Amino acid sequence: ALNLGNLAVEVFAIRGTSPTDIWAATDVGLQHWDGSAWTLAPLADTRIRFLDANAPDDVWVAGEAKSDVGTGVIAHWNGTAWTQKRTPEEIYNSIASSSADDVWLVVADGELRHFDGVAWSSATTVGQRPNGTTAISGIHSIDANPVVAVSTLRKIGRSHARPPVT
């Protein structure tokens, strides 16, 4: 929990570039620490779950729209203003960046997306799905190479009730 005055909030992700530049995705919104106080970032109608910060003018966040279930939100802070992109029917598992033109996004269906500073592109889909669904649960990027991803395999199956043996 993070203590914001008299309010304790749940923290989903926290990143910082220095003791005077810390970002926290919380249940009451995206918070920024400037070394003396926490302030709420002006990202209306968003529930941020994942973030990455490279510099005071290079912060990336991913989450979902509060008012539109199933709509993903990606936003970038350039030190002055936020730019947002809404993506219908996409939920995100993680975001990682090494710079403003090297950003990796994990879509819940296992697809990796890459932003090169100009456009988003599909990088790859992880795993086969004959008996289950593969989902990348985390990603980390230190610089343009390498990018490290963690994946889990969840089997989807049916429970078959059997009559008791007598």
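Since we're looking at a predicted model, the values are computed, not measured. Index from 1, following the sequence.
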Using the side chain to side chain contact (heavy atoms under 4.5 Å, CB included) rule, take Val106 and Leu112 through it: C-alpha gap first, then chi angles, then the decisive distance, then the call. CA-CA 5 Å; Val106 179; Leu112 286 174; 3.7 Å; yes
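- With salt bridges taken as basic N to acidic carboxylate O contacts below 4.0 Å, none links Glu64 and Arg86.
- When atom types are taken as modelled, the side chain of Asp52 and the backbone of Ser97 share a donor-acceptor pair closer than 3.5 angstrom.
- In this structure Trp82 satisfies the ring pair (Phe, Tyr, Trp, His ring centres under 6.0 Å) test together with Trp23, Trp77, sequence neighbours excluded.
- For the atom pair Arg15 CZ and Ile22 CD1, the distance stands at 12.5 Å (nearest 0.5 Å).
- Defined by atom type and a distance below 3.5 Å, a donor-acceptor pair is present between the side-chain atoms of Ser67 and Asp45.
- Not a single ring pair (Phe, Tyr, Trp, His ring centres under 6.0 Å) links Tyr92 to another residue, sequence neighbours left out.
- For the atom pair Leu105 CG and Lys85 NZ, the distance stands at 8.5 Å (nearest 0.5 Å).
- In this structure, Val103 is not a member of the same hydrophobic cluster as Val61, with clusters built from ILVMFWY side-chain heavy atoms closer than 4.5 Å.
- Scored by the side chain to side chain donor-acceptor pair (under 3.5 Å) test, Asp101 finds Ser99 as partners (sequence neighbours excluded).
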Could you go through the side chain to side chain contact (heavy atoms under 4.5 Å, CB included) check for Asp102 and His114 one step at a time? CA-CA 7 Å; Asp102 183 40; His114 182 254; 2.7 Å; yes
Would you sort out whether Trp60 and Phe50 count as a ring-ring contact (aromatic ring centres under 6.0 Å, His included), showing the intermediate values? CA-CA 8 Å; Trp60 288 89; Phe50 309 99; over 10 Å; no
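- Shown here are the side chain to side chain donor-acceptor pair (under 3.5 Å) partners of Ser121, two or more places apart in sequence or in another chain: there are none.
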List the steps, then state whether side chain to side chain contact (heavy atoms under 4.5 Å, CB included) holds for Asp58 with Asn78. CA-CA 5 Å; Asp58 186 21; Asn78 67 8; over 6 Å; no
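- Residues meeting the side chain to side chain donor-acceptor pair (under 3.5 Å) test with Asp57, sequence neighbours left out: none.
- Residues forming a salt bridge (charged side-chain N to carboxylate O under 4.0 Å, His left out) with Asp27 (at least two apart in sequence, or on another chain): none.
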Steps toward side chain to side chain contact (heavy atoms under 4.5 Å, CB included) verdict (Lys66, Thr46): CA-CA 5 Å; Lys66 289 180 185 176; Thr46 58; 5.9 Å; no
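- Val73 is not connected to Ile91 by any chain of hydrophobic side-chain contacts under 4.5 Å among Ile, Leu, Val, Met, Phe, Trp and Tyr, and they are in different clusters.
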